[in-house]
Amino acid sequence: RLSISPLRKINNTINTYAQAKNREIETLQKNAEFRREFIADISHELKTPIFAAQGYIHTLLDGAVEDKSVRLKFLKRAAKSLNALDKLVQDLLTLNQMESGVIKFNFEAFDLKELIHEVIEELEQKAAKRDVLIRFFYDKGKSYKTIADKDKIFRVCQNLISNAIKYNHDGGEVEVHLKTHKNYILVEVKDNGKGIPPEDLKRIFERFYRVEKSRSREGGGTGLGLAIVKHILEGHKSKISVSSTLGKGSIFSFELPCEKPAKEASLKI
Ligand code: ADP
């Protein structure tokens with residue numbers, strides 16, 4: 001005959017096992033739900049440019065092709081939709097590779113100030129179209145050398161500055177600030193655009209989350225940019241911060257380490 005105590009032990013073991021199994025089932029259910037949602041989101045996002053391109057091509061085939069001016073306009077629009085589709089697929093692949101950890105980070109020393117100059121140069125035309133002025137502030141006497149994955153940090157800066165232009169009003173301003181404190185370089189991207197409502201602020205780093213869908217798509221957005229930014233910075237053990245005031249603008253910022261000067265290999269005697 002078993003005494004009460006061993007019976008209780010068996011009972012406890014069974015309960016613990018059942019609880020662990022329940023948790024496992026819950027996790028599996030959550031994963032399945034996440035996958036379902038992800039596939040639904042992707043399908044929806046893919047359909048938008050596909051439907052648009054199909055629409056233009058079918059209209060051309062139905063006779064619009066005879067009209068020279070319409071032909072060119074519709075072909076250009078179809079090409080624009082296909083470019084958007086291509087960008088979306090590229091971004092999805094990048095995000096997928098990052099989430100599954102297969103993407104490699106190539107760390108090297110480079111000057112963050114020079115990299116930001118390059119990004120601004122690339123985006124100047126886009127800014128000029130909206131009459132947006134980009135201003136870059138840093139201390140000329142200071143070094144902004146860091147060790148990071150240069151291409152990926154280029155992408156981070158490109159995304160933040162491009163958003164600051166895209167979600168600004170015509171004639172608005174974008175300020176990029178480089179600051180050093182302790183062993184870190186702080187990058188700040190400020191805009192005086194429309195800002196982000198507080199209830200959306202936490203969610204803008206989620207894939208496909210947009211405050212205004214139409215504005216994002218018009219500006220060539222995939223809704224994946226900030227999710228990619230977040231992953232890249234996590235790969236650098238850094239994180240993205242945001243503060244925003246509705247109607248006034250937003251500030252996105254992140255930090256990277258200063259490159260430490262190499263120590264003297266040996267002491268001269
Ligand atoms: P998108 O491709 O839509 O620009 P992002 O992931 O880069 O995707 O940004 C997600 C959403 O966050 C955007 O759709 C926009 O609503 C909001 N957002 C991002 N940056 C800004 C900004 N500087 N000002 C206002 N809203 C912004």
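Just the heavy atoms: all of them, side chains too, but no hydrogens, waters or symmetry mates, feed the values below. Atoms within each ligand, like the ligands themselves, are counted from 1 in listed order. The chain is numbered in sequence order, starting from 1.
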(request) Can you pull out the closest protein heavy atom to atom 6 (O) of ligand 1? Residue, atom name and distance to 0.1 Å, please. (result) Leu226 N, 2.8 Å
(request) Say whether Asp191, considering both its backbone and side-chain N or O atoms, lies within less than 3.5 Å of an N or O atom on ligand 1. (result) yes
(request) Please indicate whether any nitrogen or oxygen in Gly195 is less than 3.5 Å from any nitrogen or oxygen in ligand 1. (result) no
(message) So, applying side chain to side chain contact (heavy atoms under 4.5 Å, CB included) with Cys157, which one of Val189, Val229, Val119, Val176 is it?
(response) Val119
(message) Suppose we measure from atom 3 (O) of ligand 1 to each protein heavy atom; which comes out shortest, and what is that distance?
(response) Ser216 OG, 2.5 Å
(message) Under the salt bridge (charged side-chain N to carboxylate O under 4.0 Å, His left out) definition, can you give me all pairs with a residue in residues 84-110, not counting sequence neighbours?
(response) Asp91-Arg155
(request) Among all protein heavy atoms, pick the one closest to atom 16 (O) of ligand 1 and tell me residue, atom and distance. (result) Val211 N, 2.9 Å
(message) Just so I know, are the side chains of Lys230 and Glu234 near enough to count as touching, which here means a heavy-atom distance under 4.5 Å?
(response) yes
(message) Quick check on Phe137: does its CZ atom have over 12 non-hydrogen neighbours (other residues, nucleotides or ligands) under 6.0 Å away?
(response) yes
(message) Test of understanding: given a 4.0 Å heavy-atom threshold, classify the contact between Asn159 and ligand 1 as side chain, backbone, both, or neither.
(response) side chain
(request) Tell me, please: is Lys166 in heavy-atom contact with ligand 1, that is, under 4.0 Å? (result) yes
(request) May I ask you to check if Arg207 and Phe34 form a cation-pi contact, with NZ or CZ under 6.0 angstrom from the six-membered ring centre and within 45° of the axis? (result) yes
(request) Could you list which atoms of ligand 1 come closer than 4.0 Å to a heavy atom of Ser250? (result) 24 (N)
(message) When you compare the side chains of Asp139 and Tyr144, does any donor N or O come within less than 3.5 Å of an acceptor on the partner?
(response) no
(request) Could you tell me which non-hydrogen atom of Phe252 sits nearest to which non-hydrogen atom of Ile196, and how far apart they are? (result) CZ-CD1, 4.0 Å
(message) Could you check whether Arg130 pairs with Asp170 (Lys NZ or Arg NE/NH1/NH2 to Asp/Glu carboxylate O, under 4.0 Å)?
(response) yes
(message) Once ring pair (Phe, Tyr, Trp, His ring centres under 6.0 Å) is applied, do any residues pair with His169, and if so which ones, sequence neighbours excluded?
(response) none
(message) Checking a contact table here: which protein heavy atom is nearest atom 26 (N) of ligand 1, and how many Å away?
(response) Ile196 CG1, 3.3 Å
(message) Are more than 12 heavy atoms, taken from residues, nucleotides or ligands other than Lys145, located less than 6.0 Å from that residue's NZ atom?
(response) no
(message) Considering both backbone and side-chain atoms of Gly221, is one of its nitrogen or oxygen atoms within less than 3.5 Å of a nitrogen or oxygen in ligand 1?
(response) no
(request) Could you tell me whether ligand 1 has any atom less than 4.0 Å away from a heavy atom of Phe252? (result) yes
(request) Please identify which atoms of ligand 1 are closer than 4.0 Å to at least one heavy atom of Thr222. (result) 2 (O)
(request) For atom 4 (O) of ligand 1, find the nearest protein heavy atom and state the residue, atom name and distance (0.1 Å precision). (result) Tyr167 OH, 2.7 Å
(request) Evaluate the ring planes of Phe208 and Phe38, with Trp represented by its six-membered ring, and classify them as parallel (under 30°), tilted (30 to 60°) or perpendicular (over 60°). (result) tilted
(message) Looking only at protein heavy atoms, which one is nearest to atom 11 (C) of ligand 1, and what is the separation?
(response) Tyr209 O, 3.6 Å
(request) Looking only at protein heavy atoms, identify the closest one to atom 12 (O) of ligand 1 and say how far it is in Å. (result) Ile204 CG2, 3.4 Å
(request) Examine Gly223 against ligand 1 and note whether any of their N/O atoms are separated by less than 3.5 Å. (result) yes
(request) Among all protein heavy atoms, pick the one closest to atom 7 (O) of ligand 1 and tell me residue, atom and distance. (result) Asn163 ND2, 2.9 Å
